[in-house]
Every structure is written in C-alpha cells, then in structure tokens.
Amino acid sequence: MIVGDLLSGRVGISELTVDGQGEKFAHEVAEKVKEYGVALVPGWLAGDELAALQDEFEGVFAAAEGRELEQLTDEGKDISHHYGQTRTGLHLKYNHGDELKNALPRTHEVFTQDWMASAAASYLGVPCTLNRHLILTDDFKPDEEIISYHFDEVGALKFLVYLDDVDRENGPFQAIPRTAPATSRIRESEWLRFDDFKKIRFDVFNQYSEELIHTLYGQYKSFLLSRSITFQAPAGSLLVFDTDTIHRAGPLAEGRRRRVVRGSSYRGYWP
Ligand SMILES: O=C(O)CCC(=O)C(=O)O
Ligand SMILES: [Fe+2]
C-alpha cells in the first residue's frame with residue numbers, strides 16, 4: 001500500500017520565487033536557497049541595465065571570434081580558462097577584479113552589488129569569495145539538452161542571469177529542489193576516492209545506480225526526476241542556486257538561442 005500520492009511533498013515554482021523589490025531581498029534569497037537549494041527572481045534586470053549586459057555580452061564574443069577555442073575534456077568536462085567550446089555553443093570566462101571590470105564594466109557592477117555580497121555571506125559564511133569568476137555562455141547548436149543533470153565538482157553558490165527570454169525549448173535551467181544535502185555527500189565521497197577533478201562522476205542519473213540514488217535521495221530516479229522544476233522566465237531573470245542541487249540546462253530546439261551570464265561564489269578566501 002502506498003501512503004500519499006506522487007504529488008506529496010512536491011515543491012512548485014511559486015515557493016522558489018522571490019520578489020526583487022522586497023525590503024529584505026538578500027535575506028529572502030539566502031533563506032530560499034537554504035531551504036530548497038534554488039531561488040528565482042523573475043525580471044530582476046530590465047531596461048538599460050539589461051540592455052547593457054546584452055551589449056557587453058555581444059561585444060566580448062565578437063572580439064573573441066577567430067581566436068583559438070579550448071575544447072572539452074574526454075569526460076565532457078569544460079575546463080576552459082577563457083574562450084571555450086561547449087557541447088552546444090561557446091563560452092567565455094573572466095576572473096573577478098580588474099580582468100572582469102576592464103572587459104565588462106557594467107556586468108562587473110551588477111555582479112558585485114552589496115545585496116549579493118550579503119546573500120553570499122549569509123549562505124556561505126565569511127570569509128567567502130563573491131563571484132570569483134563569471135562565465136558567459138552562448139548556446140545555439142540544437143540538442144536534447146545543453147548539459148545533463150549534474151552537480152558541480154567544486155561546491156558553489158551561483159548567480160545566473162538569463163539574457164534571453166527562456167522557455168521550454170531554449171535551454172531552460174532545471175533543478176530538483178531539496179537535493180543539495182544528499183548530493184554533497186556524493187561529491188565529498190567522489191573527492192575522497194580520487195582527489196582528481198577530471199575523475200569526479202557528476203552525471204547523477206547516468207553514472208549512479210537506482211539503489212544509490214534511492215539510498216541518498218529517498219526516491220528512485222524517475223520519481224526524483226519528476227520533481228524537477230523548469231525555470232521559464234523573461235530575459236533579466238536571476239537564478240540563485242547551490243550547485244549541489246541537482247541541475248541541468250535543458251533542451252535547445254532548432255533555430256533557438258540562449259545567452260546566460262553566471263557567477264560562481266565560494267566558501268573561503270580565493271584571490
Ligand atoms: O547554464 C545553465 O543553465 C546551467 C549551468 C550550470 O550547470 C552551472 O552554472 O553550474
Ligand atoms: Fe552546474
């Protein structure tokens with residue numbers, strides 16, 4: 001006999017949504033991420049500020065064109081230091097500080113705001129390093145998914161901004177709420193096995209058994225997957241998430257494009 005139904009305990013997108021105008025905005029974002037692992041602020045940027053980020057994005061990709069592209073590793077990992085190939089497009093990476101400020105001044109301003117520092121400190125503790133690097137991704141080669149469900153090898157808090165309107169067909173960010181605590185155990189045990197970034201098995205649904213997933217998350221794979229939230233939202237929307245929350249970038253249909261800027265924040269001091 002099954003007690004309860006498939007919907008029991010399910011989290012919906014409204015529970016993950018924070019109002020960008022709220023007085024205690026930073027606090028609310030940190031609290032949502034603590035509880036669910038992910039928070040959405042719809043339409044966080046608009047008007048001139050959004051246009052400035054889009055313009056800077058276009059500018060740096062245009063300037064990089066023709067330069068040598070770093071490739072994915074054999075394990076499909078993206079370890080590019082600056083201008084790299086992804087499975088479905090291109091990426092550019094900038095370290096915090098002057099490198100970022102000189103290349104993308106308005107983007108730098110947006111990703112160093114006081115409220116973000118407060119939210120990061122509240123979530124990660126102090127000292128922490130706010131947006132240690134920013135990655136810009138331009139995805140335009142159609143595929144069933146841009147990145148499969150995974151956790152990041154090094155645990156981080158991420159601030160991710162959509163620069164295009166995102167729907168089900170142009171690479172929506174998708175995440176399974178409340179999975180971070182169990183995933184952090186997998187991530188730690190992977191580091192204990194090999195202590196090698198390239199060997200960390202991050203592809204949760206393909207590299208682990210049904211039994212291991214059930215043991216850690218209390219659900220078999222298909223039921224766990226059915227709890228995934230698809231973040232369809234307008235350009236300028238912000239997602240804040242703990243990278244131990246199982247997540248992916250979803251399907252990219254023919255003729256569609258998705259541009260994103262995301263910053264990675266870490267515990268501790270990382271110059
Ligand atoms: O591009 C996305 O939607 C997700 C990217 C991702 O996996 C990450 O930032 O950790
Ligand atoms: Fe990730």
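In each ligand, atom 1 is the first atom listed, and ligand 1 is the first ligand listed. In this text the structure is predicted, and so the values were computed from the model without any measurement.
Between His133 and His96, a ring centre-to-centre spacing not shorter than 6.0 Å is recorded. Here the two rings, on Tyr149 and Phe205, have centers that are under 6.0 Å apart. Annotation: Tyr162 is not in aromatic contact with Phe173 [ring centroid separation under 6.0 Å not met].
With sequence neighbours left out, Arg267 forms a side chain to side chain donor-acceptor pair (under 3.5 Å) with no residue at all.
For the pair OD1 of Asp152 and NE2 of His150, the angle at the Fe ion (ligand 2) is about 90°; rounding is to 10 degrees.
We find that Asp244 and Arg187 are joined by a salt bridge, their nearest charged nitrogen and carboxylate oxygen being less than 4.0 Å apart.
Listed by chain and number, Ile147, His150, Asp152, Lys158, Leu160, Phe173, Phe241, His247, Ala249, Arg258, Arg262 each place a non-hydrogen atom less than 4.0 angstrom from ligand 1.
Between Trp115 and Phe25, the ring planes lie tilted relative to each other; the angle falls in the 30° to 60° range.
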